[in-house]
Amino acid sequence: MAVAPVTYGASTRPPRGDYSTAREDYTCEQSWAAYGAEEHALYARLFQRQVRQMPGHACDEFVHALGQLGSKSEIPRFEDISDKLRRATRWEIVAVPGLIPERAFFSLLANRRFPVTVWLRRPEEFDYIVEPDVFHDLFGHVPLLFNPVFADYMQAFGGGGLKAEGLHALEYLARLYWYTVEFGLIATPRGLRVYGAGILSSAGETVYALTSHKPQRLPFSLERVLRTPYKIDDYQDSYFVIESFAQLFDATAPDFTPIYERVSTSAPLPLNGRLPTERVYPPNALPAGAAA
Ligand code: HBI
Ligand code: FE
């Protein structure tokens with residue numbers, strides 16, 4: 001199938017993965033039997049390293065759902081996870097060859113179907129990969145789909161994406177996805193915690209996002225996020241903090257049309273500077289004895 005180059009964040013590059021067997025909706029077979037022993041071993045190493053980092057860094061809702069991913073020692077079968085996910089929140093995961101065009105992506109989310117990339121990164125990409133692979137999608141995104149409120153937010157986001165396309169507002173919605181689903185933080189009585197998949201699937205950024213003094217951590221505000229550009233190939237300069245997943249879901253309630261009009265005629269807001277009225281969240285204190 002001829003595949004349109006896909007924009008992921010701000011850059012467009014030919015997607016990685018085999019799209020020749022993809023269906024009209026860009027879904028494909030996982031072909032679980034095709035994974036080699038070295039791929040299962042690499043997935044297991046990625047999983048073991050990240051799961052150790054989660055307590056004290058990931059939000060409770062994520063930590064509680066990690067067990068739903070099944071095997072830690074091999075790449076799970078998507079169908080096994082979908083069986084549990086359907087029962088939990090009526091979502092399922094579907095296999096895709098990699099990044100897919102935004103319309104197809106939003107369409108899947110609007111139908112409570114989360115696209116999970118079938119290929120795994122190479123060993124030399126162990127610490128960093130720009131495009132989402134099966135580890136990023138499964139470990140980073142799938143656990144929170146077991147949370148009913150977040151699951152509803154993701155479907156609302158999908159529906160909003162289909163509307164945004166008609167309004168030529170996809171770049172603004174991509175920012176909302178980026179600063180929440182991929183790089184979102186949540187405030188808890190015990191300090192800041194991570195819920196964004198892009199952070200949770202990255203060993204370095206999980207600590208950086210919560211404890212570094214370099215980035216700013218701002219209160220989530222829909223229009224602030226829609227007006228704030230982002231970087232796709234480095235740690236973030238800004239993180240946005242929600243107080244609850246309900247706050248996130250409620251933010252998708254209004255009709256975005258007038259908001260897009262306001263945002264599209266306003267200048268972008270600084271991703272590394274705060275507005276006079278903005279307060280910042282302090283970083284989490286480092287655990288006793290941890291290296292600064
Ligand atoms: N495709 N498979 C896949 N996964 C994504 O996360 C994804 C995508 N296509 C587009 C996209 N994300 C971003 O442009 C979102 O902001 C829509
Ligand atoms: Fe992602």
Side-chain angles (χ1 to χ4, degrees), residues 1 3-19 21-23 25-30 46 50 58 62 69 78 91-111 113-121 125 128-145 150 153-184 194-202 205-206 209 225-226 228-233 236 240 252 256 260:
M1 149 179 284
V3 177
V6 178
T7 56
Y8 184 70
S11 79
T12 302
R13 56 180 168 275
R16 197 160 138 180
D18 173 12
Y19 289 73
T21 61
R23 305 179 189 96
D25 62 1
Y26 280 86
T27 60
C28 64
E29 295 302 318
Q30 179 185 9
L46 284 161
Q50 270 319 91
F62 179 91
L69 293 183
F78 294 179
W91 271 79
E92 61 180 6
I93 62 178
V94 288
V96 291
L99 287 172
I100 61 176
E102 274 156 334
R103 175 165 190 71
F105 181 72
F106 288 125
S107 237
L108 289 171
L109 296 190
N111 289 288
R113 305 176 78 205
F114 188 80
V116 177
T117 298
V118 294
W119 54 264
L120 182 69
R121 67 190 70 185
E125 297 171 302
Y128 182 70
I129 184 167
V130 183
E131 272 181 69
D133 70 338
V134 64
F135 179 74
H136 165 85
D137 283 336
L138 276 187
F139 188 94
H141 284 286
V142 172
L144 277 183
L145 289 173
F150 191 82
Y153 167 69
M154 287 292 277
Q155 180 178 28
F157 182 85
L162 294 174
K163 266 195 291 187
E165 189 178 35
L167 300 167
H168 308 295
L170 283 182
E171 70 174 296
Y172 303 115
L173 213 70
R175 290 171 176 173
L176 177 60
Y177 190 82
W178 191 267
Y179 282 120
T180 58
V181 180
E182 293 295 358
F183 291 93
V194 180
Y195 73 91
I199 305 174
L200 291 168
S201 54
S202 153
E205 196 154 3
T206 300
V225 166
L226 295 180
T228 307
Y230 53 84
K231 301 191 302 188
I232 68 161
D233 46 12
Q236 300 306 307
F240 288 90
T252 62
F256 276 34
Y260 288 142

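Here, residue 1 is the first one in the sequence, and each next residue gets the next number. Counting starts at 1 for both ligands and their atoms, following the listed order. Predicted model, so just to flag it, every value in this text is computed and none were measured.
- Residues passing the side-chain contact (heavy atoms from CB on, under 4.5 Å) test with Glu92, sequence neighbours excluded: Ser82, Arg86, Val94, Arg113.
- For the pair Thr228 and Arg175, the minimum side-chain heavy-atom distance is 4.5 Å or more.
- Pairing each heavy atom of Gln30 with each of Phe78, the nearest pair is OE1-N, 2.8 Å.
- Short contacts between ligand 1 and Leu99, defined as distances under 4.0 Å to a heavy atom of the residue, involve ligand atoms 1 (N), 2 (N), 3 (C), 7 (C), 8 (C).
- Residue Leu176 holds its CG atom at 6.0 Å from CZ of Phe256, rounded to the nearest 0.5 Å.
- For Glu29, the salt bridge (Lys or Arg N to Asp or Glu O under 4.0 Å) test picks out Arg23, with sequence neighbours left out.
- Against a heavy-atom cut-off of under 4.0 Å, Ile100 is close to the following atoms of ligand 1: 1 (N), 2 (N), 3 (C), 8 (C), 9 (N), 10 (C).
- In this structure, of Tyr26, Phe106, Phe105, the residue bringing a heavy atom nearest to atom 7 (C) of ligand 1 is Phe105.
- Remark: ligand 1 atoms within the under-4.0 Å shell around heavy atoms of Ala174 are 16 (O).
- Contacts between Trp178 and ligand 1, counted as non-hydrogen atom pairs separated by less than 4.0 Å, are absent for every part of the residue.
- When each atom of ligand 1 is checked for a heavy atom of Glu102 under 4.0 Å away, the hits are 10 (C), 14 (O), 17 (C).
- The OE2 atom of Glu182, the Fe ion (ligand 2) and the NE2 atom of His136 define an angle of 130° (nearest 10 degrees).
- Checking Pro115, Gly98, Gly161, Pro132 against atom 2 (N) of ligand 1, the nearest heavy atom belongs to Gly98.
- Side chains of Trp91 and Gln155: a donor-acceptor N/O pair is absent below 3.5 angstrom, by distance only.
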